[in-house]
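What follows is a set of notes on a single structure, which appears directly below.
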Amino acid sequence: FIMGHHIGDNDSFGASIGFYRIAQTIGKKAHIVIEDISGSVIPIAQMFHESDIYAEDMFISGSEAVSKIGKNDALIVVDCNRAAYTEYPELVRRAQCLVVFDHHRQSEDVIDNAQLSYIELASSSTCEMVVEIMQYIPETVKINKIEAEALYGGIMVDTNNFTNRTGVRTFEAAAFLRGKGADTVEVKRLFSNSISTYKTKYKLVSEAEIFNFYAIACADEETSDIRIAAAQAADELLGIENVKASFVMFPTKNCINISARSLGDVNVQVLMEKMGGGGHQTMAATQLKGVTMEEAREQLVQIVSSINSEQVQNQTESAGAESAFIEPQQ
């Protein structure tokens, strides 16, 4: 059983596909546990649903997985290391054999009873990690074109088109997938936007406010494509001069969501963790329940302000310590 985080993104989905293929290669029956699919994943997921080479039970719901899982079955959790953030937390509690593959920093509520926990903070994405694992398996893992494109798409999204958190290993993984048939043009086409998404994205960008080198934008209402538009708007805002980090806030159902991005100077993961969320240094998010947009924004501004104050204080103390050390020598 393979499961990512709630409202899985392309990295979570691609990594699940990679482990599904690994399981098939070593002769194991496998299921990918999926409940809600985010808008950006729908096109690639549809390709798997329409293909006749996969079993009908390739994708199953969390409740189905709970009814099927037994004491000799393994649960592989990808792109997430917190039980509460997984697609179906009950499945984590039921599984007697747990494996965790992730590239996010561990927090207090990390899954701590896993038989194998591979957390690689240096990786750009979980898909990159899975591609590396494939090449160390004794049996040759033969992935087809759409599987390669699912993994390539996960790397592409988590690195913002290979601009953030990329290293030599990232490009080696991409080259491996390209050699397996991943079509870069086709992958880009899968992420094409509708005109309404473009309008929503640039409305957010145009109405953003700059606050102490931070860009903050708030969506007025929930739309069908708001998650995609918000994430892309957060990326776009980093292109504004002197903006070190961006935050796009948007409502869904009974909570306020925040998508956070940075170019590396600001650790947005730490900021989002202070608001109950998580992620990694350049890409993070959180959800705030039971608050209004105004209250959520005020909370964000207070946290950003406190971080700025701490940095100024640390710089002042550092300068004072340096002066105290140099003065006797003079």
Side-chain angles (χ1 to χ4, degrees), residues 1-35 41 48 54-55 57-143 147-148 150-151 154-155 158 169 173 176-177 278-280:
F1 295 85
I2 307 156
M3 179 171 65
H5 54 78
H6 180 56
I7 312 179
D9 57 10
N10 293 89
D11 189 31
S12 176
F13 183 82
S16 298
I17 293 296
F19 272 115
Y20 181 87
R21 175 49 58 198
I22 291 172
Q24 296 289 299
T25 300
I26 61 177
K28 299 294 183 181
K29 177 70 174 177
H31 306 280
I32 297 175
V33 181
I34 287 184
E35 294 286 333
V41 180
F48 285 92
Y54 298 102
D57 60 355
M58 175 183 184
F59 300 105
I60 62 174
S61 66
S63 57
E64 288 179 289
V66 167
S67 66
K68 287 176 177 288
I69 196 167
K71 64 179 182 179
N72 294 321
D73 296 323
L75 172 64
I76 303 175
V77 176
V78 298
D79 201 31
C80 179
N81 59 58
R82 304 165 70 177
Y85 277 56
T86 58
E87 189 73 270
Y88 205 78
E90 177 62 24
L91 191 59
V92 178
R93 292 188 285 269
R94 292 289 187 92
Q96 297 187 31
C97 178
L98 268 168
V99 178
V100 177
F101 271 77
D102 190 24
H103 67 123
H104 299 106
R105 194 176 71 172
Q106 294 175 300
S107 56
E108 293 181 357
D109 55 346
V110 65
I111 298 173
D112 58 2
N113 60 333
Q115 276 68 31
L116 171 62
S117 183
Y118 180 26
I119 312 295
E120 180 56 84
L121 301 181
S123 289
S124 68
S125 57
T126 313
C127 283
E128 177 185 316
M129 296 168 61
V130 175
V131 171
E132 290 181 340
I133 291 296
M134 284 182 172
Q135 299 172 66
Y136 285 97
I137 293 176
E139 295 85 354
T140 301
V141 181
K142 297 180 179 179
I143 62 176
E147 291 167 353
L151 286 157
I155 297 174
D158 261 30
R169 292 162 57 184
F176 173 84
L177 295 171
H280 50 71

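Heavy atoms only: backbone and side chains are in, while hydrogens, waters and symmetry mates are out.
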**Prompt:** Lys28: what forms a side chain to side chain contact (heavy atoms under 4.5 Å, CB included) with it, not counting sequence neighbours?
**Reply:** Ala23, Ile26
**Asked** Are the aromatic ring centres of Phe1 and His31 under 6.0 angstrom apart?
**Response** yes
**Message:** I'd like to check the ring pair (Phe, Tyr, Trp, His ring centres under 6.0 Å) partners of Tyr88; sequence neighbours left out, ordered by chain and number.
**Reply:** none
**Asked** Could you give the distance from CG (Leu91) to CD1 (Ile69), rounded to the nearest 0.5 Å?
**Response** 4.5 Å
**Message:** So Tyr85 and Val77, do their side chains get closer than 4.5 Å, heavy atoms only?
**Reply:** no
**Request:** Quick one: list whatever passes side chain to side chain contact (heavy atoms under 4.5 Å, CB included) with Ile133, sequence neighbours left out.
**Result:** Ile22, Phe101, Tyr118, Ile137
**Request:** Quick one: which residue pairs count as a salt bridge (charged side-chain N to carboxylate O under 4.0 Å, His left out) with a foot in residues 4-19, not counting sequence neighbours?
**Result:** none
**Asked** Distance only, no hydrogens: is a donor on one side chain within 3.5 Å (strictly under) of an acceptor on the other, for Gln24 and Tyr54?
**Response** no
**Request:** Would you give the length of the straight line joining atom CD1 of Ile17 to atom CD1 of Ile32, rounded to the nearest 0.5 angstrom?
**Result:** 4.0 Å
**Complete:** Thr86 meets the side chain to side chain donor-acceptor pair (under 3.5 Å) criterion, sequence neighbours left out, with none
**Request:** May I ask you to test the Asp158-Ser124 pair for a side-chain heavy-atom distance under 4.5 Å?
**Result:** no
**Request:** Indicate the atoms forming the closest heavy-atom contact of Ser16 with Ser12, along with that distance.
**Result:** OG-O, 2.9 Å
**Request:** Look up atom CD in Glu147 and atom NZ in Lys142, then write down how far apart they are to the nearest 0.5 Å.
**Result:** 13.0 Å
**Message:** Could you measure the distance from the NE2 atom of His6 to the SG atom of Cys80? Nearest 0.5 Å is fine.
**Reply:** 11.0 Å
**Prompt:** Nearest heavy-atom pair of Gly154 and Ser125: which atoms, and what distance?
**Reply:** O-CB, 4.2 Å
**Request:** Would you please name every residue forming a side chain to side chain donor-acceptor pair (under 3.5 Å) with Gln96, sequence neighbours left out?
**Result:** none
**Request:** Compare all side-chain heavy atoms of Thr126 with those of His5 and state whether any distance is below 4.5 angstrom.
**Result:** no
**Asked** Any idea which heavy atoms bring Val100 and Ala114 closest together, and the distance?
**Response** CG2-CB, 4.0 Å
**Message:** Filter on side-chain hydrogen bond (donor to acceptor under 3.5 Å, both in side chains), then keep only pairs touching residues 131-141, sequence neighbours left out; what's left?
**Reply:** Glu132-Arg169
**Fill in**
Heavy atoms of Ile111 and Ala83 approach each other most closely as CG1-N, 3.6 Å
**Complete:** For Ala173 and Glu128, the nearest pair of non-hydrogen atoms, with its separation, is CB-CG, 4.1 Å
**Message:** Quick test of your reading: applying salt bridge (charged side-chain N to carboxylate O under 4.0 Å, His left out), list the pairs with at least one residue in residues 78-98, sequence neighbours left out, ordered by first then second residue.
**Reply:** Arg82-Asp109, Glu90-Arg93, Glu90-Arg94
**Contacts of Asp102 that satisfy side chain to side chain donor-acceptor pair (under 3.5 Å) - sequence neighbours left out** = Asn81, His104
**Request:** Identify the heavy atoms of Gly14 and Leu151 that sit nearest to each other, and give their distance.
**Result:** O-CD2, 3.2 Å
**Asked** At what distance, to the nearest 0.5 angstrom, does OG1 of Thr25 lie from CZ of Phe19?
**Response** 12.0 Å
**Request:** State the CD-CE distance between Glu120 and Met129, to the nearest 0.5 angstrom.
**Result:** 6.0 Å
**Counterpart residues, side chain to side chain contact (heavy atoms under 4.5 Å, CB included), relative to Glu64 (two or more places apart)** = Ile60, Ser61
**Asked** Do the non-hydrogen side-chain atoms of Ile119 and Leu121 ever get within less than 4.5 Å of each other?
**Response** yes
**Request:** Indicate yes or no: at least one non-hydrogen side-chain atom of Ile155 is less than 4.5 angstrom from one of Leu177.
**Result:** yes
**Request:** Could you tell me which residues satisfy side chain to side chain contact (heavy atoms under 4.5 Å, CB included) with Ala55, sequence neighbours excluded, listed by chain and number?
**Result:** Tyr20, Lys29, Asp57
